[in-house]
Structure formats: structure tokens, C-alpha cells
Amino acid sequence: MKHLFLLLSALGLTLGAQAQQPAPARAPVVLRPGRMQAQARPAPNRPDVPPQFVGGAAALGAFFQLHIKYPEVARINKVTGNVLTRFTIEADGRVSGPQVTQSLSPECDAEALRVLGLMPAWKPATRKGQPVAIQVQLPVPFGNSTNLQVEKSKTKVKFE
């Protein structure tokens with residue numbers, strides 16, 4: 001009887017040790033545009049229609065080209081890239097709470113926040129036909145030599 005008890009105990013310990021091993025990690029699900037499915041119970045803050053800059057992407061690019069003043073220090077140091085920003089588009093379309101989430105340089109960060117403060121109202125996101133506030137991440141570009149355009153002795157970003 002003792003031997004049977006010891007045998008069952010040893011078997012239980014080995015099975016318990018195997019059961020405690022973590023399951024192999026599964027690869028995350030990647031959602032691709034055009035392959036997303038409508039949710040049966042979407043989150044209450046998820047919009048049906050995303051917010052849009054009035055005039056679309058071309059107008060947004062023109063807005064940046066018109067208002068961004070490439071900082072002299074960044075030009076001298078040849079700093080190029082994007083300042084990743086986050087802000088909220090309120091239910092009335094105005095931009096609020098801009099902040100830098102990925103910095104490029106202190107000068108470029110300050111200029112990106114200045115330009116976001118000048119941004120006109122967007123067409124707000126809607127959920128079930130009602131406008132809702134939503135957070136947006138937007139890269140503010142500070143170009144390189146292939147996409148800079150000099151106008152009236154000022155360096156401005158040109159989108160191509």
C-alpha cells in the first residue's frame with residue numbers, strides 16, 4: 001500500500017510539474033485594412049466614422065506646409081523625421097490636449113505643438129450618428145533634403 005501511495009504521489013508530482021509549464025505564446029492577431037470585421041458588441045467609445053481633417057490628407061499636408069517653420073537649429077544639425085503627437089478631437093471638432101509621444105528634437109517638438117495649436121476644427125468622429133471625442137496620433141513631418149522646398153528664404157516641408 002505504501003508503494004502504491006508513493007508511486008501515485010510521484011506520478012502526481014510529475015504531472016503537476018508539466019501542468020504548471022506556461023503554454024507556448026501565440027502570435028498576436030494582425031488586423032489589416034479592408035479585412036476588419038464589424039464587432040457584435042463594440043466598445044462604447046469606438047466610433048463608427050473616424051475623425052477627418054476638413055479637405056482630407058491633401059489639405060492636412062498643405063496646412064503643415066503653410067504653417068511649419070523648420071527650426072534653424074534642426075536645419076543646421078540636419079534633423080529630419082517625424083514628431084509623433086497625440087491629441088483629442090472633441091465632439092465639436094476642435095483639437096485639445098496636444099502632446100508629443102515620440103520626440104525628434106526639442107526645437108521640432110515645440111514647433112509641432114505650436115502648429116497643432118493653430119490647427120482648425122476637424123470633422124469629428126461619430127458613433128451611431130452622434131459626434132464623439134476621440135484621441136488621435138498624428139506624425140508632424142520635418143523633412144529631409146528630398147522633400148524640402150525653399151520659399152521666400154524660409155524652409156518649409158513639401159509633401160510628395
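Everything quoted here is computed from the prediction, not taken from an experiment.
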Closest heavy-atom pair and its distance - Val132, Arg127 | CG1-CB, 3.9 Å
Does Pro139 have any side chain to side chain contact (heavy atoms under 4.5 Å, CB included) partners at least two apart in sequence or in another chain, and if so, which?
-> Asn82, Leu84
4.5 Å side-chain heavy-atom contact, Asp109 and Leu104 = yes
Could I get the full list of salt bridge (Lys or Arg N to Asp or Glu O under 4.0 Å) partners for Arg94, not counting sequence neighbours?
-> Asp92
Taking the side chain as every heavy atom from C-beta outward, state whether Val140 and Ile68 have any atom pair closer than 4.5 Å.
-> yes
Minimum heavy-atom separation for Pro51 to Val136, with atom names?
-> CG-CG2, 3.9 Å
Measuring from Arg86:CZ to Leu138:CG, what's the distance to the nearest 0.5 Å?
-> 12.5 Å
Test Leu116 against Thr85 for side chain to side chain contact (heavy atoms under 4.5 Å, CB included), laying out the working first.
-> CA-CA 9 Å; Leu116 289 179; Thr85 61; 3.5 Å; yes
Evaluate the criterion side chain to side chain contact (heavy atoms under 4.5 Å, CB included) for residue pair Val54 and Phe63; output intermediate values, then yes/no.
-> CA-CA 11 Å; Val54 177; Phe63 174 82; over 6 Å; no
Hey, does the side chain of Arg114 reach the backbone of His67 with a donor-acceptor pair shorter than 3.5 angstrom?
-> yes
Are the side chains of Ser96 and Phe87 in touch, meaning some heavy atoms are under 4.5 Å apart?
-> no
Side-chain donor-acceptor pairs of residues 117-126 under 3.5 Å, sequence neighbours excluded:
none

Below 4.5 Å, heavy atoms only, C-beta onward: do Val100 and Gln102 meet side chain to side chain?
-> no
Output the distance between atom CD (Glu90) and atom OG1 (Thr88), rounded to the nearest 0.5 Å.
-> 5.5 Å
Find out whether Gln137 and Thr101 are in side-chain contact, i.e. whether some heavy atom of one side chain is under 4.5 Å from a heavy atom of the other.
-> yes
